[in-house]
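So the structure is just underneath, and the comments pick up after that.
Indexing begins at 1, ligand by ligand and atom by atom, following the structure's order. We number each residue from 1, following the sequence as shown.
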Amino acid sequence: MERTFVAVKPDGVQRGIIGEVITRLERRGLKLVAISMMQVSDSLAREHYGEHVERPFFAGLVSFISSAPIVAMIWEGENAVALARQTMGATNPANAAPGTIRGDFGINIGRNIVHGSDSLAAAEREIGLFFGPSAGLDYTRSNDVWITES
Ligand code: IDP
Ligand code: MG
């Protein structure tokens, strides 16, 4: 089953929105298989956001993500990568639809509350970076059959 990496960024933790993020992904039907509150190091932040190294916002992004604790998670489910991104909403909260996490809780692109992998390859890379390649529990929920037709 597909897995994706999601993190509540420092702004989401400080604002007390951890539960909101988790609740929305749970309600969607995705299954939480790993969770860890952590302080991101400068080197992990740089590696995680490596694709943006040339962008003008890179330095600010790296210092922000390592400025205070985050909550790192692995979520599992059919189309988990795309569904988590859709539940989060557009990168810029100003353009994110109401009903999405960013559309309901954010106004600024540099404070958009959550991170979610943007592809299966990115999910594997980011899960490896934050948790290690074999992380994530295998377990069934009694209601799985009511969420995904086998
Ligand atoms: P994503 O988080 O939706 O995948 P990316 O384009 O991968 O968006 O950008 C990573 C993060 O960098 C964004 O979530 C946002 O926090 C920050 N970011 C992206 N573009 C800008 C910008 O133009 N100014 C400031 N921060 C930005
Ligand atoms: Mg991205």
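By the 30° and 60° cut-offs, the orientation of the rings of F5 relative to F131 is perpendicular.
Scored by the salt bridge (charged side-chain N to carboxylate O under 4.0 Å, His left out) test, R46 finds D42 as partners (sequence neighbours excluded).
For the atom pair H48 NE2 and L61 CG, the distance stands at 7.5 Å (nearest 0.5 Å).
Within a 6.0 Å radius of CD in E47, no more than 12 heavy atoms belonging to other residues, nucleotides or ligands are found.
For residues 101-120, the set of pairs meeting the salt bridge (charged side-chain N to carboxylate O under 4.0 Å, His left out) definition, not counting sequence neighbours, comprises R24-D104. Within the structure, salt bridge (charged side-chain N to carboxylate O under 4.0 Å, His left out) contacts touching residues 136-150 (residues at least two apart or in different chains) are R3-D138, K31-D144, R141-D144.
A heavy-atom cutoff of 4.0 Å around ligand 1 is satisfied by the protein residues K9, Y49, H52, F57, L61, R85, T91, R102, I109, N112.
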